[in-house]
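Note sheet for the following structure.
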Amino acid sequence: MFDVNVKGRAGTVDIAAEFSVSSGATCLFGRSGSGKTTLANMVSGFVQPDSGWIEVEGVRLFDSSKAIDAPTRQRRIGYVFQEPRLFPHLSVRSNLTYSRWAGRRTVSRSLDEVVSLLGLEKLLDRKPTHLSGGEKQRIAIGRALLSDPRLLIMDEPLASLDYQRKDEILPYLDRICREADLSVLYISHSLEEVTRLAKNLVLMEDGKTTAFGTVAEVLAGAGIEKDGFHRRSLIEGKVSHVDPEFGLVHVGIGAGEVLQIAAPDLNAGDHLRLSVSDRDISIAVKRPEGVSIRNVVQAKLRSIEMTASPHVDVLCQIGDHELRARITRASLHDLGLKPEMEVFLMVKSVSIDEHSPSTPKGF
Amino acid sequence: MFDVNVKGRAGTVDIAAEFSVSSGATCLFGRSGSGKTTLANMVSGFVQPDSGWIEVEGVRLFDSSKAIDAPTRQRRIGYVFQEPRLFPHLSVRSNLTYSRWAGRRTVSRSLDEVVSLLGLEKLLDRKPTHLSGGEKQRIAIGRALLSDPRLLIMDEPLASLDYQRKDEILPYLDRICREADLSVLYISHSLEEVTRLAKNLVLMEDGKTTAFGTVAEVLAGAGIEKDGFHRRSLIEGKVSHVDPEFGLVHVGIGAGEVLQIAAPDLNAGDHLRLSVSDRDISIAVKRPEGVSIRNVVQAKLRSIEMTASPHVDVLCQIGDHELRARITRASLHDLGLKPEMEVFLMVKSVSIDEHSPSTPKGF
Amino acid sequence: QAQDKITVFAAASMTDAISEIAELYQETTNTKVVLVFAGSGTLARQVESGAPADIFISADEAWMTYAQDRGAIQPETVRFIAANQLVLVGPASSATQVDLKVDSILDKIGPLRLAMADPDTVPAGRYGKQALEGLGLWQPLARKLAPMENVRVALAAVARGDTPLGIVYASDAAVEPRVRVVAVFPPTSHASIRYPAAVTTHASTQAMAFLQFLSDKNAQTILRAKGFTSLP
Amino acid sequence: MFASLQPNEIEALLLTLKVSVVALVCALPLAISVAYVLSRFRFPGHGMLNAAIHLPLMLPPVVTGYLLLLLLGPSGPLGRFLLENFQFTPAFNWKGAALAAGIMAFPLIVRPIRLAFDAVDPKLEQASASLGCHGVFTFLIVSLPLALPGVLGGAILGFAKAMGEFGATITFVSNIPGETRTLSLALYTAVQSPDGDALGLRLMIISICLAIFALLLSELLVRRLRARLEGADV
Amino acid sequence: MFASLQPNEIEALLLTLKVSVVALVCALPLAISVAYVLSRFRFPGHGMLNAAIHLPLMLPPVVTGYLLLLLLGPSGPLGRFLLENFQFTPAFNWKGAALAAGIMAFPLIVRPIRLAFDAVDPKLEQASASLGCHGVFTFLIVSLPLALPGVLGGAILGFAKAMGEFGATITFVSNIPGETRTLSLALYTAVQSPDGDALGLRLMIISICLAIFALLLSELLVRRLRARLEGADV
Ligand SMILES: Nc1ncnc2c1ncn2[C@@H]1O[C@H](COP(=O)(O)OP(=O)(O)OP(=O)(O)O)[C@@H](O)[C@H]1O
Ligand SMILES: Nc1ncnc2c1ncn2[C@@H]1O[C@H](COP(=O)(O)OP(=O)(O)OP(=O)(O)O)[C@@H](O)[C@H]1O
Ligand SMILES: [Mg+2]
Ligand SMILES: [Mg+2]
């Protein structure tokens, strides 16, 4: 549980945050200057709220009514600040292991593992001053990962990393997020990161939280309405068959439908959470033949959301799942789509958000 | 012209950069620590190369053989550093207009225009210290934009901005890039930004430039070979018809094919540069009917590039244009695709990279 | 009406007496007297460097000689205006006289020290050293001395009780009620203590008059009241 | 208490202020330049310049005063030159007192300023250069304002030292009432007479009050300045 | 030249070093604490504490020495207490000289250190706290090392001042050869005798050499330190 209900002020902005989400990764999403960093600072104890409470994993970190205000060092947080904040006089190695020798935190993760994840091998004996921007950022991430936190706060940690590195770090963070007894508060502007990583989503606007819940709930809701932003639909599934020849797995998603996705290292029986962007779904009124799109599933058209743009959102249902597709108004018209019609969804691309092996494998 | 041929050292890394690209926006792309910032610092005069030359728009900024080494302040650059580097003792307004009152540069762009583009109206009278990360970054961008540069150097300027703001800034930068007499050197990890903004692309690896040329050339080349990275194909086109009812324009791309794209504010006759990601193209062996994908164009399959992953790259040709599609190996097999086959490309999404109005409009 | 003005550079140890004499002089002659007090050495060097002094009064002859050798004063004007005695003082409570003998002095000092002006820098210290040497006390007492920056500090140390004994001028002892003289050094034990005064080389015409005034009865009365002795 | 000040006490007080202010005002620009040069440039003689500045601190003030007298006194080489060519002499007047105070205070002013320049991020100077600003203006617009807490810190130390200066002053310009007798020297004069204790106490209290007043004022200034530099919003 | 030093000159030289080093070693930890408190906390009496520290700078040194004598002399309240209970007296011995030097140097040590603490980014202290480090250790591991250039700057000023201290020393512990006659006092002694010029010159040259040596050494230290702090890679 991650439970926050605080009011406060930071300079010119009033903060009023109220959300309560389950353990795991929670993403804080909002425009620049909406108060995300300030809220993270309240959680970590650098900014004192005027009133309210903050509770993480059953521990009250702050409660104005009970005069509880745990000092930062006892909150067991790992904070990746928006700027690196490395200790300039300490070597990269000492920076990374700071929480062990200076903070007396226990060792829960091996230094080597984190160093090789972040590609810091060659930097260990250097001082941070003359490192490149991305190098500093990676060290800051490593320092927080190695601090044995109960709550990991990450303020745009991957902003200036290259996509290869992101692709390596995200699954690792993903794994960490599912570890017992660790919550993650993740601030990001990248929807891709949000959907790949977070279980919960909190939206902020002008210092106030405007929506919270699971990523699927919030994304399906009306919280975000902007062009350029793509909503992802979430689908729970189970691996029914592995096709090693073409490197595909077949995932049953209920209602007799199967999606074929390219993914190594999965076994039959594994549970998956898949996400599909509305831009990757097309609609056909009859089953298309001879197309390279492998995943064509039958669905029932539920509703149509008109927007001011040339696009419309079409909500369809397959079994328990609701999928959202974005098509042009022109196509809507040409195809004569109406609610309750049976349609075929062509799903071009699916990503795996979460993966629970059927038999636990050691990470 | 932007012509660089330098050798030098920064700490532990040897820099050897050699490229020569036409005016306009040039993107520097490479992994963290590959020497992008160092090269930018050489161009701006903060780091002195050991040998070679740097020429921007016909002006030699540095030439070791002729002992030319123009001081930074005379290079007429506008530099958005990787970290904001705002003057903490000056108000946001004084920071923005610094080059005018402190640098005696002329006024070429109005303060109001830049302030409203970057959403800085409310911050003008504040000091930078307590601003949020994104706010600082926007001010740094504004400061460089207002410095009347001949060369604008931007080191990951949009890294921590929200997507709405990016969507506002990118077209503006795009416009600036096409202004007479201004080159832009843009460092970014985002392929989206690269393809939207840059005309030229320079790849760096371990301090050396490994490829340069126009974006299309370099992207089509073998420079980048990684999963998760999507290549975009570029198409030149001309607006043939505007459909105000559905908010679509029809763009002729040669060979009698027309793409329908959602875009406001275009007029018949406008020239466009479009880009399509390989992930947005599907292949059909016969023309699909009754699908929401509007853009189905006939093409000739040129070649197939196998990869180690479950995906393959299929190169197709329409008129003069080469388009790249990524499909699964399984589909390749099922559809029996072979070079020289006539296929139909279903293009789900197209973005406009560049737009030149047929009749000049004032920006 | 323009007032005449003379500037007197006088040794700091004569601050009181010279101030009073100058006041009297000012009343009687309507000449403004500017008094500058500092250590004799400092003043001598300044006079040598061309300080705007008309009269130089030194606390010992050595510095007057120094000034004279360097042509800073008019040699024919040098005259002694007062003399002094060297005394041993103790706190006002001390009942007995102290013999000028090693044992009785050491006994009186105990674990503390004997205050005196710095024998190396201050005239009073130089006289004190001569006196102690003359009485054969210098060797045994050398390690028990507390040489002070000037006589006033030595006097104050005794007055407060920081040191049980001190060597000072009789003139100093006379004006400090918290001390009493417990012994007087025989004049033969040290060079005679005399205060020379002289007119400087660049002095104004009124200077000679003031020098004269210093030897007058009125001035001498004031000097004696301050504990200085008449010239032998 | 100040209402009952004697005229000569007021005279000493004003003289002290005049001497200290003049000393500070003259020394500060020079100190800033020297501190900047020491902080930013390495050249042969760097160490020597640094040592020379600190000398007045390490020699007994009396010796510094004496050296000044030898050099700048009416018969000293430089003193004679000044007198003959400019009808100006610092010896035995308040200008000399200010000079002595300034020289004695100089190392105390330079050191904190130098530390402050050391701490100014050269990256901001780079940013200024990239925006077309000339080095001299960058110094005035960026480096100096950012080093201002150090400049103020040095100025406070220097001013305090100038107000308390004694040894070099009395040796160089003597103890002339109304001309060079600052509070410090007046206090010395008072202590020289056995019955001057009361007067000495008065002067000491005046000195202490003045010191406290000056320091509280400076503290206020520093706090204002820090707030401005750190950008507390209005 | 040093080969031909007289025994009493060597004595004075060593005594000077002893007194200055002891003064600095004792004053530095206290100065660091006071500077940190002044920099990081606001409390009633903040201004007064600050003023009190600067007082020795603003009063004539002789007065400071005199006040020390009043307080710590054998008959002073504190002095008697120390003597009776600990058989310890600072008056008229080298410990007193070190005490006087330390007190006179104190403001010079505190100010640069305080400025350095002012300049340490509290965000780094926050980072340390977030990593579980206690405030005291954060001070020792983060704030103090980052303020080290200031600490060293203050120490240099203070050491220089301690070596040159004269007025308070001679008044408080007098000018006892071998016990309290530091180079500074020896130099004064020489200057005070009409025929002491030659000796004075010798002593002055010794002082200047010592000063230059100490300052060059400190300069080297500072440069090393800055390099370490700025992380020049090996
Ligand atoms: N100490 C402060 N004084 C004044 N204003 C402040 C202070 N702290 C924050 N603010 C203001 O509060 C607002 C929220 O700041 P915050 O840093 O929380 O934003 P953010 O959501 O993290 O933005 P970004 O995505 O740009 O980092 C900003 O407008 C900022 O200027
Ligand atoms: N002054 C210096 N001293 C030592 N090493 C340096 C120095 N400057 C740069 N480097 C090293 O050179 C390499 C290239 O640095 P640079 O900042 O140019 O990288 P970059 O491509 O900008 O990376 P990023 O995307 O992370 O910002 C890095 O490994 C960095 O540590
Ligand atoms: Mg933020
Ligand atoms: Mg970089």
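Below, read A as the first sequence line, B as the second, and so on, with proteins coming before strands; counting in each chain starts at 1.
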Could you state the interatomic distance from CD (B/Gln260) to OG1 (A/Thr328), rounded to the nearest 0.5 Å?
-> 7.5 Å
Counting heavy-atom pairs under 4.5 Å with chain A, the top scorer among B/Leu332, B/Ile283, B/Thr38 is B/Ile283
Could you look at A/Ile281 and say if it's the side chain, the backbone, both or neither that has a heavy atom under 4.5 Å from chain B?
-> backbone
Closest heavy-atom contact between B/Leu335 and A/Gly290?
-> CD2-C, 3.5 Å
CG of B/Asp280 to CG of A/Asp280, rounded to nearest 0.5 Å, is 7.0 Å
Scan side-chain atoms only and decide if A/Ser32 and B/Arg138 contain a donor-acceptor pair under the 3.5 Å cut-off.
-> yes
Note: vs chain A, highest number of non-hydrogen pairs under 4.5 angstrom among B/Met346, B/Arg165, B/Lys166 is B/Arg165
Give, as side chain, backbone, both or neither, the part of A/Thr37 having an atom under 4.5 angstrom from any heavy atom of chain B.
-> neither
Evaluate whether atom CG of B/Asp14 has more than 12 neighbouring non-hydrogen atoms of other residues, nucleotides or ligands under 6.0 angstrom away.
-> yes
With a 4.5 angstrom heavy-atom cut-off, which part of B/Glu245 approaches chain A: side chain, backbone, both or neither?
-> backbone
Select, from B/Leu161, B/Ile327, B/Leu131, B/Asp155, the one with the greatest count of heavy-atom pairs under 4.5 Å involving chain A.
-> B/Leu161
CG/B/Asp162 to OG/A/Ser190 distance, rounded to the nearest 0.5 angstrom?
-> 12.0 Å
Hey, could you give me each pair passing salt bridge (Lys or Arg N to Asp or Glu O under 4.0 Å) that has a residue in residues 283-295 of chain A? Not counting sequence neighbours.
-> A/Arg294-B/Asp334
Side chain / backbone / both / neither for A/Glu156 at chain B, heavy atoms under 4.5 Å | side chain
Max heavy-atom pairs within cutoff under 4.5 Å with chain B, candidates A/Gly35, A/Ser34, A/Ala262, A/Ala10, goes to A/Ala262
Greater than 12 external heavy atoms within 6.0 Å of B/His241's NE2 = yes
Bottom line for A/Leu248: the part with an atom under 4.5 Å from chain B's heavy atoms is side chain
Note, B/Glu83 side chain near A/Glu83 side chain (heavy atom, < 4.5 Å) | no
Residue A/Gln137 versus chain B: region with a heavy atom under 4.5 Å | neither
Does B/Arg279 use its side chain to pair, donor to acceptor, with the backbone of A/Lys348 at less than 3.5 Å?
-> no
Is it the backbone or the side chain of A/Ser160 that comes under 4.5 Å from a heavy atom of chain B, or both, or neither?
-> both
What pair of heavy atoms forms the shortest contact from A/Gly33 to B/Glu135, and how long is it?
-> CA-OE2, 3.7 Å
When A/Ser349, A/Gly134, A/Ser292, A/Ala284 are compared by non-hydrogen pairs under 4.5 Å with chain B, the top option | A/Ser292
Between the CG atom in B/Leu158 and the NE2 atom in A/His189, the distance rounded to the nearest 0.5 Å is 12.0 Å
Using a cut-off of under 4.5 Å for heavy-atom pairs, which of B/Gly119, B/Ala159, B/Gly336 has the most such pairs with chain A?
-> B/Ala159
